[in-house]
Amino acid sequence: FRAYTAEAARRLSVVEQPRPLPGLRLIDMQGRDLRLADYRGRVMVVDFMFTRCPWICYAMGSSLEQLRAGLADAGRLHRVAFLSISFDPRHDGRDELRDYAARFDADGAQWNVAVPRDPARLRDLLRVFGVTVIPLEDCGFEHNAALHLVGPDGKIWDIRDYDDVAGTLAAITTRLEGDDGA
């Protein structure tokens, strides 16, 4: 009885047993190949979105902008990467990803926007992160919205509310300080 909702259980399970990232290839907004393993050695903040989303995905993008600014102010930005992954490969091609990235000044280096190279592997990726995506009749999706924190070891170690920027910033800073002392 430590979690009363499926979302709380998902978050608790990650804290208690950090999950390794799958060996998945992505295509970024510039058409480049990348792998989740490319980010090892840095803390990573991952969110899942689709570019046609009318509101929650924009709110997550705004939160990532605020996190990036907070980490820059703390002199820690160089140790953190941001990755927004679309779960709508059918509609989110390079142009759509690039437009989404431009809205938030995602530069492709510090913050990248991507889609799985093999759409058939998307379900595996969502399962590892515990993300639920339900297609809606109006061509949109219902999905849980959160920021997934991945450690330098390549394991998901925390899931934070997308609108708790201060708490997420504190969690990342604490992790970076802990890694400095290790």
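Just so you know, these numbers use all the heavy atoms, side chains as well, and skip hydrogens, waters and symmetry mates. Please read all numbers here as calculations on a predicted model, not as lab measurements.
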For this session: Only counting residues at least two apart or in another chain, list the ones meeting side chain to side chain donor-acceptor pair (under 3.5 Å) with N144.
Result: E7
Exercise. Atom CZ in R52, atom CG in D88: separation rounded to 0.5 Å?
Worked result: 4.5 Å
Problem set entry | Which residues share a side chain to side chain donor-acceptor pair (under 3.5 Å) with D47, sequence neighbours left out | S84
For this session: Flag the pair S86 / E96 as yes when at least one side-chain heavy-atom distance between them is below 4.5 Å, and no otherwise.
Result: no
Exercise. Should E177 and R76 be marked as a side chain to side chain contact (heavy atoms under 4.5 Å, CB included) after you check the CA-CA gap, both sets of side-chain angles, and the distance that decides it?
Worked result: CA-CA 10 Å; E177 289 170 357; R76 301 274 188 176; 3.4 Å; yes
Problem set entry | Pairwise distance CG(D107) to CG(N112) - rounded to 0.5 angstrom | 8.0 Å
For this session: Side-chain contact test, heavy atoms from C-beta onward, threshold under 4.5 Å: evaluate it for L126 versus T132 and give yes or no.
Result: no
Exercise. By salt bridge (charged side-chain N to carboxylate O under 4.0 Å, His left out), which residues pair with R123, not counting sequence neighbours?
Worked result: none
Exercise. Is the closest side-chain heavy-atom distance between M44 and P152 below 4.5 Å?
Worked result: no
Problem set entry | Qualifying residues under salt bridge (charged side-chain N to carboxylate O under 4.0 Å, His left out), relative to D99, sequence neighbours excluded | none
Problem set entry | Under the side chain to side chain donor-acceptor pair (under 3.5 Å) test, residues paired with D38 that sit two or more places apart | R35
For this session: With sequence neighbours left out, write down each residue that passes side chain to side chain contact (heavy atoms under 4.5 Å, CB included) with V45, or none if nothing qualifies.
Result: L64, L67, V80, F82, L147, L149, I172
Exercise. Rounded to the nearest 0.5 Å, how far does CE of M60 lie from CD of E65?
Worked result: 13.5 Å
Problem set entry | Stepwise side chain to side chain contact (heavy atoms under 4.5 Å, CB included) test for F104 and Y58 | CA-CA 9 Å; F104 302 106; Y58 288 100; 3.7 Å; yes
Seminar exercise, completed: So ring-ring contact (aromatic ring centres under 6.0 Å, His included) across residues 147-171, not counting sequence neighbours, yields F48-H148, F129-H148
Problem set entry | Y39: partners by ring-ring contact (aromatic ring centres under 6.0 Å, His included), with sequence neighbours left out | none
Exercise. Can you name the closest pair of heavy atoms from A109 and R42 and give their distance?
Worked result: O-NH2, 4.1 Å
For this session: Quick one: closest heavy-atom pair of D153 and R175, and the distance?
Result: OD1-NH2, 3.9 Å
Exercise. For L71 and H78, what are the C-alpha separation, side-chain angles and deciding distance, and is it a side chain to side chain contact (heavy atoms under 4.5 Å, CB included)?
Worked result: CA-CA 9 Å; L71 288 163; H78 66 285; over 6 Å; no
Donor-acceptor contacts, no H, no angles, side chain residues 113-122, under 3.5 Å, sequence neighbours left out:
unit_1	atom_1	unit_2	atom_2	d
R117	NE	D33	OD1	2.7
R117	NH2	D33	OD1	2.9
D118	OD1	A120	N	3.0

For this session: Report the residues that fulfil side chain to side chain contact (heavy atoms under 4.5 Å, CB included) with D161, sequence neighbours left out, ordered by chain and then residue number.
Result: R11, D163, D164
For this session: Mind checking the CZ-OG spacing from R160 to S63? Nearest 0.5 Å is all I need.
Result: 12.0 Å
Problem set entry | Between CZ on residue F50 and CG on residue L97, distance to nearest 0.5 Å | 13.5 Å
Exercise. Side chain of Q30, backbone of G108: donor and acceptor closer than 3.5 Å?
Worked result: no
Exercise. When you measure from the side chain of Y100 to the backbone N and O of C57, does any donor-acceptor pair fall under 3.5 Å?
Worked result: yes
Exercise. Above 12 or not: heavy atoms from other molecules or residues under 6.0 Å from CD of E16?
Worked result: yes
Exercise. By side chain to side chain contact (heavy atoms under 4.5 Å, CB included), which residues pair with R94, not counting sequence neighbours?
Worked result: R98
For this session: Give a yes or no answer on whether the side chain of D28 reaches the backbone of R32 with a donor-acceptor pair at less than 3.5 Å.
Result: yes
Seminar exercise, completed: Rounding to 0.5 Å, atoms CG (L26) and CG (L83) come to a distance of 6.0 Å
Exercise. Does R19 use its side chain to pair, donor to acceptor, with the backbone of V128 at less than 3.5 Å?
Worked result: yes
Seminar exercise, completed: Contacts of R40 meeting side chain to side chain donor-acceptor pair (under 3.5 Å) (sequence neighbours excluded), chain-then-number -> none
